[in-house]
Visitor: 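Supplied in structure tokens, the structure appears directly below.
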Amino acid sequence: MSRTAAEIATQPACWHRAAEAALAFDGLPRPGERVAVTGCGTSWFMAIAYAALREAAGQGETDAFASSEFPAGRTYDRVVAITRSGTTTEVLELLGELKGTVPTTALTADPKTPVMEAADSVAVLDWADEESVVQTRFATTALAFLRAGLGDVPGVKPVAEAAADAERAVRDPLPAAVVEAEQWTFLGRGWTYGLALEAALKMREAAGAWTESYPAMEYRHGPIAITGPGRVAWMFGALPEGLAGDVARVGGELVTHRTMDPMADLIRAQRLAVALAEARGYDPDRPRNLTRSVILG
């Protein structure tokens, strides 16, 4: 088993621990605060998911930005940064610019990195850190931590129930048609759009696969043109009306797990990325052209 696959399998336990840790942490956004969430790569996609969840919970206006694209001059009550390594250049530069002007909270996996001084408050999730270059468990654990801090979100399962679904996601076989496909398009709505973005990224990072991701209702506005026999449309969360018929009409393979928490469903996509990488002779622990943290010179 690859290191990446082993780390993927630990996510249910990590989510349970994250839910407990969130209850004891004092630096999470408070209801009514205007919040921005930021990160790079996978962390940015988790930020997108959390921002949508927080607004769905009615806790306040919440935006998500890639750290390099954070809008200068826009005011917030709190900025939350997600950075596994704690060393990502764009995140540290942004936190430095914001220092003393707005309260900042960071989520990281390494307490011995510069982010500990750069942010006002830091949640250290070091028990979810990874040796792998490709992020899996830290990203979902960070989202589970933030999600648990929201309490009840209409239409969204508690983190404990998501973790129970994750137990199935780490062990159930992947459908042969999905593993053997030549192209995958990941779709989401609301908070699950961030998960769709992340699923596509995992496939590109680990396996060099041809993947795309879109808001589900935008799929029919052009992207469906690439779907056909041997190609997959994978929906995170509730399936929009008529989408199944559209995918069937063009001969594509629809993947949807309506009763499974979408965050748990992301584990299936992570497992698919590893399986595809191994089938292609790639090492999922050492993806091409990537490093664990992007530090600009």
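Each residue takes its place number in the sequence, starting with 1.
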Visitor: Is Arg168 paired with Asp261 through a side-chain N to carboxylate O contact shorter than 4.0 Å?
Guide: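 Judged by the 4.0 Å cut-off on N to carboxylate O distance, Asp261 and Arg168 do not form a salt bridge.
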Visitor: Testing the basics here: between Thr38 and Ser67, what is the closest heavy-atom pair and its distance to 0.1 Å?
Guide: OG1-OG, 2.8 Å
Visitor: Within a radius of less than 6.0 Å around CH2 of Trp44, do more than 12 heavy atoms belonging to other residues, nucleotides or ligands occur?
Guide: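 Counting other residues, nucleotides and ligands, CH2 of Trp44 stays at 12 neighbours or fewer.
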Visitor: State, to 0.1 Å, how close Ala81 and Val91 come at their nearest heavy-atom pair, and which atoms those are.
Guide: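 In this case the closest contact between Ala81 and Val91 is CB-CG1, 4.0 Å.
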Visitor: If you take the centroid of each ring, where Trp contributes its six-membered ring, are Phe236 and Tyr193 closer together than 6.0 Å?
Guide: no
Visitor: Determine the minimum heavy-atom distance between Trp127 and Cys14, stating which atoms define it.
Guide: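 Scanning both residues, the minimum pair turns out to be CZ3-O, 3.4 Å.
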Visitor: Using distance only, find each side-chain donor-acceptor pair of residues 112-124 under 3.5 Å and give its atom names and separation, not counting sequence neighbours.
Guide:
from, atom 1, to, atom 2, distance (Å)
Thr113, OG1, Asp110, O, 2.8
Asp120, OD2, Thr104, N, 2.9
Asp120, OD2, Thr104, OG1, 3.3

Visitor: If we only count heavy atoms from C-beta on, is the Gln59 to Glu55 side-chain gap below 4.5 Å?
Guide: no
Visitor: Would a line drawn from the ring center of Tyr214 to the ring center of Tyr219 be shorter than 6.0 Å?
Guide: no
Visitor: Run the side-chain hydrogen bond (donor to acceptor under 3.5 Å, both in side chains) test on Arg3 and Ser132 for me, step by step, so that the C-alpha distance in whole Å, both residues' side-chain angles and the decisive distance to 0.1 Å come before the verdict.
Guide: CA-CA 7 Å; Arg3 182 179 297 111; Ser132 300; 5.4 Å; no
Visitor: Please verify the inter-ring angle class for Tyr76 with Phe65; under 30° counts as parallel, over 60° as perpendicular, anything in between as tilted.
Guide: perpendicular
Visitor: Minimum heavy-atom separation for Leu276 to Met203, with atom names?
Guide: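 Taking every non-hydrogen atom into account, CD2-CE, 3.9 Å.
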Visitor: For residues Ala207 and Ala277, report the shortest heavy-atom separation together with the two atoms involved.
Guide: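 So the two residues come closest at CB-N, 3.7 Å.
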Visitor: Measure the shortest side-chain to side-chain distance between Arg220 and Pro240 over non-hydrogen atoms and say whether it is less than 4.5 angstrom.
Guide: yes
Visitor: Find the distance between CH2 (Trp191) and CG (Leu143) and round it off to the nearest 0.5 Å.
Guide: 6.0 Å
Visitor: Mind checking side chain to side chain donor-acceptor pair (under 3.5 Å) for Thr140 and listing every partner two or more places apart, or none if nothing turns up?
Guide: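 With sequence neighbours excluded, Thr140 shows a side chain to side chain donor-acceptor pair (under 3.5 Å) to Gln11, Trp15, given in chain and number order.
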Visitor: Between the side chains of Glu205 and Lys202, is the shortest nitrogen-to-carboxylate-oxygen separation below 4.0 Å, so that they form an ion pair?
Guide: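 Between Glu205 and Lys202 there is a salt bridge, with a charged N closer than 4.0 Å to a carboxylate O.
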Visitor: Can Leu125 be reached from Met263 by stepping across I, L, V, M, F, W or Y side chains whose heavy atoms are under 4.5 Å apart?
Guide: yes
Visitor: Under 3.5 Å, is there a donor-acceptor pair linking the side chains of Arg78 and Thr105?
Guide: yes
Visitor: Does the side chain of Ser2 reach to within under 4.5 Å of the side chain of Val274, using non-hydrogen atoms?
Guide: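 Touching, per the 4.5 Å side-chain cut-off.
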Visitor: Side chains of Thr136 and Glu130: does their closest heavy-atom pair fall under 4.5 Å?
Guide: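 In contact.
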Visitor: Look at Glu253 together with Arg231 and state whether they make a salt bridge at an N to O cut-off of under 4.0 Å.
Guide: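 Salt bridge flag = no for Arg231 with Glu253.
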Visitor: Regarding Glu212 and Thr185, is there a side-chain donor-to-acceptor distance under 3.5 Å anywhere?
Guide: no
